[in-house]
Asks: 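Sharing a structure here in structure tokens format.
Worth saying up front: this structure is predicted, and the values here are computed from it rather than measured. Below, chain A is the first sequence line, B the second, and so on; all start at residue 1.
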There are 2 protein chains.
Amino acid sequence: MSNTRPRGETFDQTDVDLLEYVENDFDVNLNVLSEELGLSKSAIHYRLEKLKDRGVIRGITADLDPVPFGLDMVALTEVSVTHEQGYSEDIGTELAAIDGIEQVYYTMGDVDFVTIVRVQDREQMNEVIDEIVGIEGVKETSSRFVMDEIKSTPRVVSVMSEEMKRVVQDGDR
Amino acid sequence: MSNTRPRGETFDQTDVDLLEYVENDFDVNLNVLSEELGLSKSAIHYRLEKLKDRGVIRGITADLDPVPFGLDMVALTEVSVTHEQGYSEDIGTELAAIDGIEQVYYTMGDVDFVTIVRVQDREQMNEVIDEIVGIEGVKETSSRFVMDEIKSTPRVVSVMSEEMKRVVQDGDR
DNA sequence: AATGAAATCGACCAGCA
DNA sequence: TGCTGGTCGATTTCATT
């Protein structure tokens, strides 16, 4: 389109392909990647290390299924706070520290925080909500139960449109 | 507490420790884990393979930082649909397929879906919203911008309280 | 930034508790 | 079934270009 100025950093095609691959599966031998991307094994390794150093790859993690742990009860909980002081940042940190709270977003608008809570049963859900309400400065909460997690394991490159990729792309190799 | 019947499967202390470790950092050599958990390299390897086979470990993935890609604009978008047919499931799938939509939850209550959208700029945000509205059966949307992602990379075991762990625990070794 | 060779580490096997 | 120790193959590292 018209705007080709890169926001953020730039990546070549190989990096984008490599990253899209490993963000879905890092349990690979380098031979496959090597052939797939047409580069030597050492070069793949070198690029991966550089991407780690740059902080693009924050880490390598095991993706766990919550279901075997009985963690199949999920709720989206909105949290409103009193706006007397600049407490908001602290309250966010406190929310993030509560067991069972998986994600915390600080939002604009009528509510201040949206959290995603994951627990094993209703009793634990009540406990989490009680903990939230117990935080100083929290005014009220409102929860919605999740009936189905249609897509719940965030990916970065895999979710980008071609246009989004174009914006951060630089050379072709 | 009173309820000690395990929901889901059971794990021993070593598995829980191992899983908590690798869900935050799988970029370790087995020697470190071996010492840390007081088990031989082979045993660690054996347990990891078994946990993969059981589906507890769904995969090994690279955790990417969205910021270097300029993906720093995030919104929580609620989607309401018409309730004439049993379309809901299909609509969820269609939402999940849209570029820029990172997470999709099917919820009870006044709205039907909550999505998390991640893009590079307002123009792309508009495009995503337009795509959502363009889905047949979608009635209306409502979006909130995220000002701060306080906690946005879901973890499973690391977020469990001691009580939650107790519920799925079995032997001590 | 990429290569090929050398050192290191992980995957696999047979045997054992 | 779960663990050990040892072997082989793969990966990481490094000197070189």
Asks: Whole angstroms only, please: what is the CG-P distance between Asn29(A) and dT12(D)?
Replies: 11 Å
Asks: Which residue, Val28(B) or Ser40(A), contacts DNA chain C at a nucleotide closer to its 5' end, judged by nearest heavy atom?
Replies: Ser40(A)
Asks: Distances for protein N/O vs nucleotides 11-17 of chain C N/O pairs under 3.5 angstrom?
Replies:
{"from": "dA11(C)", "atom 1": "OP2", "to": "His45(B)", "atom 2": "ND1", "distance (Å)": "2.8"}

Asks: Linking I/L/V/M/F/W/Y whenever any side-chain heavy atoms sit under 4.5 Å apart, do Ile129(B) and Val146(B) land together?
Replies: no
Asks: Using every non-hydrogen atom in the two residues, find where Gly55(B) and Asp65(A) come nearest and quote the distance to one decimal.
Replies: O-CB, 3.5 Å
Asks: Going through the distances and angles, do Asp110(B) and Arg144(A) end up as a salt bridge (charged side-chain N to carboxylate O under 4.0 Å, His left out)?
Replies: CA-CA 9 Å; Asp110(B) 47 331; Arg144(A) 273 196 285 262; 3.4 Å; yes
Asks: For dA2(C), take OP1 and OP2 only and decide whether either is under 4.0 Å from a side-chain N or O of Tyr46(A).
Replies: no
Asks: How is Val32(A) classified with respect to the nucleic acid when contacts are heavy atoms under 4.0 Å: base, sugar-phosphate, or nothing?
Replies: nothing
Asks: Could you tell me whether Glu102(B) and Arg118(B) make a salt bridge, using a distance below 4.0 angstrom between a side-chain N and a carboxylate O?
Replies: yes
Asks: Rounding to a whole Å, what distance do you find between Phe26(A):CZ and dA10(D):C1'?
Replies: 14 Å
Asks: CZ of Arg54(A) versus P of dA1(C): gap in Å, rounded?
Replies: 9 Å
Asks: Less than 4.5 Å apart, any side-chain heavy atom of Glu78(A) and any of Phe113(A)?
Replies: no
Asks: How sharply is the helix from dA1(C)-dT17(D) to dA17(C)-dT1(D) bent, taking the axes over five pairs at either end and rounding to 10 degrees?
Replies: 40°
Asks: What integer distance in Å separates Leu39(B):CG from dG5(D):P?
Replies: 11 Å
Asks: So does Asp25(A) pair up with Arg155(A), basic N to acidic O under 4.0 Å?
Replies: no
Asks: Expressed in angstrom and rounded to an integer, what is the separation of Lys50(B) atom NZ from dT1(D) atom C1'?
Replies: 8 Å
Asks: Can you tell whether the side chains of Lys165(B) and Glu20(B) come within less than 4.0 Å, N to carboxylate O?
Replies: yes
Asks: Could you work out which one of dT4(D), dG10(C), dT11(D) sits closest to the side chain of Asn31(A)?
Replies: dT11(D)
Asks: Charged N to carboxylate O below 4.0 Å: is that the case for Lys52(A) and Asp27(B)?
Replies: yes
Asks: Specify the separation, in whole Å, of atom CD of Glu35(B) and atom P of dT4(D).
Replies: 14 Å
Asks: Could you tell me the separation between the CZ atom of Arg47(B) and the P atom of dG10(C), rounded to a whole number of Å?
Replies: 18 Å
Asks: For this output row, return yes or no: ring centroids of Phe11(A) and Phe69(B) closer than 6.0 angstrom.
Replies: yes
Asks: Write down the distance between CD1 (Ile44(B)) and C1' (dC3(D)), rounded to a whole number of angstrom.
Replies: 11 Å
